Amino acid sequence: MKNKSIFGLLINPFVRIAGWQAFGLGLVFVLLMGFIGASNGIAFDGVFDMHLFETTVQQSFAYLAIDLGSLVLTMWIIGLIVSKNVRFIDILGTMTLARAPFLLLALMGYFTTAPNMSEIMKNPYVILQSTSFLMMIVLTVPIMVWCITLMYKALKVSCDLKGSTLTASFIIGLFVSEIIAKILIHYFV
C-alpha cells in the first residue's frame with residue numbers, strides 16, 4: 001500500500017502540495033537545473049526540450065526563465081478562459097514543480113559524452129558507438145513523459161478541470177507555450 005502511495009505522489013504530488021510551497025520546492029529544482037546544466041553542457045531551451053550544448057550560467061537561467069514564464073503565463077491564461085476557479089499562485093507553483101524531473105536529465109549530463117556533430121553528419125551510426133549518449137536518449141523519453149504528466153496533473157488540480165476540456169486546454173497550452181518560448185529564446189538569448 002505504501003508503494004502505491006509513493007507512486008501516486010510521483011505522478012501527482014499536487015494533491016498534497018501547491019501554491020507557495022510547490023513554487024519554493026520547484027524553484028530549488030529549477031536553480032539546480034540551471035547550475036548543473038551550465039556546468040555539464042545541458043541546455044533546457046524549450047518548455048519540454050533539452051539539448052546537449054555548452055551554455056553560460058546566464059544563458060542557462062535565461063532559457064529556464066523563458067521556459068517557465070511561457071508555460072506559467074500560457075497555462076494561467078488558459079485557466080482564466082476555461083475555469084471559474086483558478087489562482088495564479090497555484091499555476092505558478094504546480095507548473096514550476098512539474099519541471100522537477102528535468103533535474104535528472106541535467107545530472108545525466110555529467111555521465112554523457114556526445115559525439116561531435118561533424119562526425120554525426122559524416123556517419124550517423126557513430127551515435128551507436130557512444131553508450132552514454134544512447135543511454136541518455138533512452139532515459140530522456142520516460143523523463144519527458146513524466147514531466148508532461150506532471151504538467152497535465154498540475155493544470156487539472158490548479159484549474160479543477162476534467163475530461164475533454166482539460167485535455168484540449170493542456171495540449172493547446174503546451175504547444176502555445178513551447179512556441180512562445182522558442183520565439184523568445186531565438187530573439188533574446
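No experiment lies behind these values; they were computed from the predicted model shown.
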Worksheet item: Would you call the rings of F102 and F44 parallel, tilted or perpendicular, where under 30° means parallel and over 60° means perpendicular?
Response: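 The rings of F102 and F44 sit tilted, inter-plane angle from 30° to 60°.
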Establish whether [X] and [Y] are linked, either directly or via other cluster members, by ILVMFWY side-chain heavy-atom contacts under 4.5 Å.
X: I179; Y: F188; value: yes
X: F48; Y: F53; value: yes
X: F14; Y: V145; value: no
X: L103; Y: V141; value: no
X: Y187; Y: L64; value: yes

So, [X] side chain and [Y] main chain: donor-acceptor pair closer than 3.5 Å or not?
X: S83; Y: L80; answer: no
X: S169; Y: L166; answer: no
X: S60; Y: G34; answer: yes
X: N40; Y: A106; answer: yes

Could you tell me if the side chain of [Y] sits less than 4.5 Å from the side chain of [X], heavy atoms only?
X: N12; Y: K156; result: no
X: I91; Y: L155; result: yes
X: P101; Y: F29; result: no
X: W76; Y: L92; result: no

From [X] atom [atom1] to [Y] atom [atom2], the distance as rounded to the nearest 0.5 Å:
X: I89; Y: W20; atom1: CD1; atom2: CH2; answer: 4.0 Å
X: I137; Y: S132; atom1: CD1; atom2: OG; answer: 9.5 Å
X: K153; Y: L97; atom1: NZ; atom2: CG; answer: 14.5 Å
X: M151; Y: T94; atom1: CE; atom2: OG1; answer: 10.5 Å
X: L52; Y: I42; atom1: CG; atom2: CD1; answer: 4.0 Å
X: D45; Y: K182; atom1: CG; atom2: NZ; answer: 4.0 Å

Worksheet entry | side-chain contact (heavy atoms from CB on, under 4.5 Å) evaluation trace for D67 with I185 | CA-CA 9 Å; D67 298 344; I185 285 170; 3.5 Å; yes
So, for [X] and [Y], which heavy atoms are closest and what is the spacing to 0.1 Å?
X: A98; Y: C147; result: O-SG, 3.2 Å
X: R16; Y: L9; result: CG-CD2, 3.6 Å
X: T165; Y: L161; result: CG2-CD2, 4.2 Å
X: Y63; Y: T55; result: CE1-CG2, 3.7 Å
X: L105; Y: M136; result: O-CE, 3.4 Å
X: I78; Y: G173; result: CD1-CA, 3.2 Å

Practice prompt. State which residues pass salt bridge (charged side-chain N to carboxylate O under 4.0 Å, His left out) with D160; sequence neighbours excluded, sorted by chain then number.
Written response: none
Discussion item. side-chain contact (heavy atoms from CB on, under 4.5 Å) for L73 and F88? Distances and angles first, verdict last.
Written reply: CA-CA 9 Å; L73 289 176; F88 179 76; 4.1 Å; yes
Practice prompt. Kindly indicate, with the supporting measurements, whether the criterion side-chain contact (heavy atoms from CB on, under 4.5 Å) is fulfilled by L10 and W146.
Written response: CA-CA 9 Å; L10 288 174; W146 182 18; 4.0 Å; yes
